[in-house]
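Counting starts at 1 for both ligands and their atoms, following the listed order.
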Amino acid sequence: MTVKNILETMDYGPAPESASEAMAWLDSKNRQFGHFIDGEFTKPTQDFTSKNPATGEVLAGLSQARPEDVDAAVSAARKAQKSWEKSGHTRAKYLYALARALQKHSRLFAVLETLDNGKPIRESRDIDISLAQRHFYHHAGFAQLMETELPDREPLGVCGQIIPWNFPLLMLAWKIAPALAMGNTVVLKPAEYTSLTALLFAEICDQVGLPKGVVNIITGDGAVGEMITASDVDKLAFTGSTEVGRIIRKATAGSGKALSLELGGKSPYIVFDDADLDSAVEGLVDAIWFNQGQVCCAGSRLLVQEGVANTFYTKLKSRMDGLRIGDPLDKCIDVGAIVDPIQRATIADMVATNDEGETYQTTAPEGCFYPPTLITGLTTSSKLMQEEIFGPVLVSTTFRTPAEAVAMANDTRYGLAATVWTENINLALDVAPKLVSGIVWVNSTNLMDAAAGFGGVRESGFGREGGWEGLSGYSKLKGTPKPAKPVTAFEGKGGLSDPIDRTAKLYIGGKQARPDGGYSRVVYGPKGNALGEVSLANRKDLRNAVEAAHGAKGWSKTTGHLRAQILYYMAENLSARAGEFADRIKTMTGKQGKDEVEGAIQTLFTYAAWADKFDGQVHGVPIRGVALAMKEPVGVIAALCDQRPLAGLVEVIAPAMAMGNRVIAAASEVFPLAATDFIQVLETSDVPAGVVNLLTGDHKDVAQHMGAHMDIDAVWSFSDPSHAATIEAASAGNLKRTLIAPAPASPKAMLEAATEVKNIWVPYGE
Ligand code: NAI
């Protein structure tokens with residue numbers, strides 16, 4: 001036998017990591033834990049246990065938080081918050097201390113994580129714990145820079161944070177580090193399967209002398225999550241299933257609480273025929289067998305170009321055969337245990353009840369293990385191609401052309417991540433912008449870093465974690481926005497004296513349209529004089545407007561320069577008729593309208609200026625690559641305008657248009673006639689049909705439908721605050737973004753609301 005033969009046939013011997021330190025730490029706590037509230041551990045109440053999924057061994061007894069624990073944690077966080085927000089430098093020092101402490105105890109954290117979750121020690125050691133440290137280091141920097149770099153922002157207050165079991169400590173770091181950096185305090189609940197590293201982290205907070213109440217950790221199941229959701233927190237940050245995300249969206253509707261949701265995915269993994277196939281196979285090991293596939297951004301949907309499919313599947317199966325599955329504490333193990341027998345049963349059931357395609361499976365030990373699985377020959381509509389399995393199961397189909405690959409990749413209700421393998425840079429960079437997802441990895445997969453935002457679109461949730469963009473989710477513009485003064489319509493009697501019909505129509509798809517319901521209403525001036533009639537829009541008019549907006553999708557592909565030209569042209573045309581608009585405003589409101597018209601012209605100039613300047617960023621990430629944070633339009637935005645006749649409309653449509661969105665605006669209810677006059681400005685300014693659609697009528701008649709419409713990507717409401725609850729609850733359907741405020745905010749905040757950041761990771765450098 002040659003040395004080469006020996007090397008090729010040599011089997012891996014066991015390389016077990018010792019669990020003794022972690023066990024000793026658990027023993028030192030008598031294997032019982034209370035909650036960490038106001039800097040102290042409460043008396044354990046032993047309500048449930050945490051088990052090692054690989055062996056079934058009970059590791060510790062845990063406490064289920066009661067309402068008084070949740071209240072105590074929220075009050076402690078509230079009490080600590082004001083002094084915590086005072087100094088960015090002090091916060092930076094504590095975050096740095098937490099990073100250092102995590103580093104010092106990194107092996108204890110890694111072993112404890114593996115014991116509690118079942119993930120291979122190689123992963124907890126090299127990925128989970130090191131990325132958690134990196135998050136604290138990076139955010140120590142953001143705390144230091146907040147005062148100089150984000151001078152117009154302030155903390156939200158107390159943040160409730162609910163995290164899942166797949167990356168227990170890493171998800172904790174993603175939530176706690178940015179919250180603390182921006183001056184918030186937190187109440188965090190780990191998932192019931194995996195609370196131990198969060199409790200060890202609580203001890204570390206104590207060790208570094210973190211002021212009491214800044215971090216509170218309470219344990220328990222979904223019922224505790226519900227209590228946190230209902231408590232007096234200013235923000236909720238959730239990572240977990242789309243189903244629970246929806247529940248939280250509904251529960252917080254109208255409460256004024258900020259919300260970020262990081263939910264499920266069914267991320268495509270596209271292999272083109274010119275890809276380096278061996279690398280793409282290796283990538284799949286990280287895409288779907290990393291953490292047993294229990295990864296929200298897992299590349300779980302493999303799309304292979306037809307010409308190389310057979311070769312690729314053969315290589316993939318051979319690599320699957322080489323995966324080592326078993327004891328997670330063994331350093332040679334690739335695939336560990338599933339987090340809990342319930343999750344394992346769900347995975348096994350989804351695979352067993354599938355009768356489509358061909359299934360290839362390797363083997364797994366007895367117990368809470370599930371074998372790496374590949375199911376080929378599915379169609380895009382197959383159940384397993386659409387539903388998140390959250391296990392080591394890869395499903396696949398083939399495609400012929402890049403256009404077909406993009407269509408298949410986007411054929412999902414999710415939009416978290418996508419992976420593209422090709423040696424052709426033109427193809428990769430042509431496809432990346434077309435993929436509907438928050439993240440795209442080119443010739444790489446599952447890369448994450450504190451400097452790059454992470455998060456999705458569609459039903460994968462909203463908000464970003466990490467990077468500069470993650471900070472806005474944990475801060476707000478300084479100053480409390482003043483609630484708008486309620487404005488009521490003037491009353492009058494009778495109709496118009498002029499026999500010629502003066503009913504302003506709706507504006508849909510570039511055409512003036514009569515309302516579907518056939519109703520209109522007279523608008524009266526301050527003296528009760530009839531000024532004109534406006535159409536009353538209903539659900540069907542909204543539906544038509546959404547269709548028209550989708551028809552105008554070309555607008556999203558135009559250049560910033562072109563959009564700027566059109567916004568300037570609108571300003572020019574408005575300016576030419578400034579006197580007429582000022583008079584109109586005066587006849588409706590009784591107050592001079594000159595300043596409002598001048599303000600609207602300025603607003604158009606401002607957003608024209610930003611249209612080609614609100615750029616993305618290039619994030620330096622610690623790998624051989626960069627993450628391009630590209631700002632993309634949100635899509636179709638529906639908005640309820642505030643009651644200012646012209647400014648209310650222009651401050652909505654201009655930022656939306658500038659960033660390439662299509663918009664459906666419901667004009668001021670009380671003073672709608674300046675908005676309907678504005679149709680002529682739109683018609684004469686080269687605004688393509690469908691880019692701006694204008695509705696008039698009662699906001700309550702369309703608020704619910706805007707919230708519920710599955711083809712609207714965001715709803716903004718600057719109208720009566722009573723619509724907030726309706727819109728936010730209805731938005732849970734497709735998890736659209738919502739922006740509710742008394743009036744449109746500063747240009748930068750509006751531009752942020754009008755964009756989604758897509759992080760495209762590309763290989764770069766040596
Ligand atoms: P889950 O969404 O139920 O649990 C996540 C967290 O939410 C846990 O801390 C849990 O206690 C809490 N929670 C549960 N119900 C709640 C409620 N009504 N209000 C507030 N908090 C609540 O996820 P689960 O049941 O553990 O896993 C089920 C499926 O969810 C998985 O099979 C997977 O498909 C998906 N999932 C997705 C994750 C992701 O990272 N996107 C992470 C975990 C699960």
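- Formation of a donor-acceptor pair under 3.5 Å by the Asp349 side chain with backbone atoms of Thr346 is not found in this model.
- Neither the backbone nor the side chain of Thr242 has any atom closer than 4.0 Å to an atom of ligand 1 (non-hydrogen atoms only).
- No side-chain donor-acceptor contact under 3.5 Å links Ser396 to the backbone of Thr376.
- Distances below 4.0 Å separate heavy atoms of Ile163 from the following atoms of ligand 1: 6 (C), 8 (C), 9 (O).
- The pair Asp411-Arg301 does not count as a salt bridge, with every side-chain nitrogen at least 4.0 angstrom from each carboxylate oxygen.
- Applying the side chain to side chain donor-acceptor pair (under 3.5 Å) test to Thr445 and every residue at least two apart in sequence or in another chain returns Thr419.
- In this structure, atom 36 (N) of ligand 1 has a protein heavy-atom contact shorter than 4.0 Å.
- Ring pair Phe290/Phe167 is tilted by interplanar angle, where 30° to 60° counts as tilted.
- Taking any N or O of Ser241, backbone or side chain, at least one lies under 3.5 Å from an N or O belonging to ligand 1.
- Residue Leu263 has at least one heavy-atom neighbour below 4.0 Å for each of these atoms of ligand 1: 41 (N).
- Across Glu226, Lys266, Met350, heavy-atom proximity to atom 19 (N) of ligand 1 is greatest for Glu226.
- Proximity of Gln294 to ligand 1, defined as any heavy-atom pair under 4.0 Å, is not found for any part of the residue.
- Of all atoms in ligand 1, numbered sequentially from 1 with element shown, those under 4.0 Å from a heavy atom of Ala191 are 9 (O).
- Here is the list of ligand 1 atoms found below 4.0 Å of a heavy atom in Pro164: 42 (C), 43 (C).
- At distances below 3.5 Å, at least one donor-acceptor pair connects side-chain atoms of Arg737 with backbone N or O atoms of Gly461.
- Counting heavy atoms under 4.0 Å from ligand 1, residue Glu192 touches it through the side chain alone.
- Note: Ile389 CD1 to Ile347 CD1 = 8.5 Å, rounded to the nearest 0.5 Å.
- Here the heavy atom of the protein found nearest to atom 13 (N) of ligand 1 is Gly222 CA, 3.6 Å.
- Taking any N or O of Glu262, backbone or side chain, none lies under 3.5 Å from an N or O belonging to ligand 1.
- Residue, atom and distance of the protein heavy atom nearest to atom 44 (C) of ligand 1 are Phe390 CE2, 3.7 Å.
- For the pair Ser195 (side chain) and Pro190 (backbone), a donor-acceptor distance under 3.5 Å is absent.
- No donor-acceptor contact under 3.5 angstrom links the side chains of Gln294 and Asn117, judged on distance only.
- Salt-bridge annotation for Glu465 and Lys175: present, with a side-chain N of the basic residue lying under 4.0 Å from a carboxylate O of the acidic one.
- Residue contact annotation: Thr346 has no non-hydrogen atom under 4.0 Å from ligand 1.
- For atom 25 (O) of ligand 1, the nearest protein heavy atom lies 4.0 Å or farther away.
- By the 3.5 Å distance cut-off applied to N or O atoms, Ile247 is not counted among the residues near ligand 1.
- For Asp713, there are no side chain to side chain donor-acceptor pair (under 3.5 Å) partners at least two apart in sequence or on another chain.
- Looking at ligand 1, you won't find any N or O of Tyr193 less than 3.5 Å from one of its N or O atoms.
- The shortest N or O to N or O distance between Lys189 and ligand 1 is under 3.5 Å.
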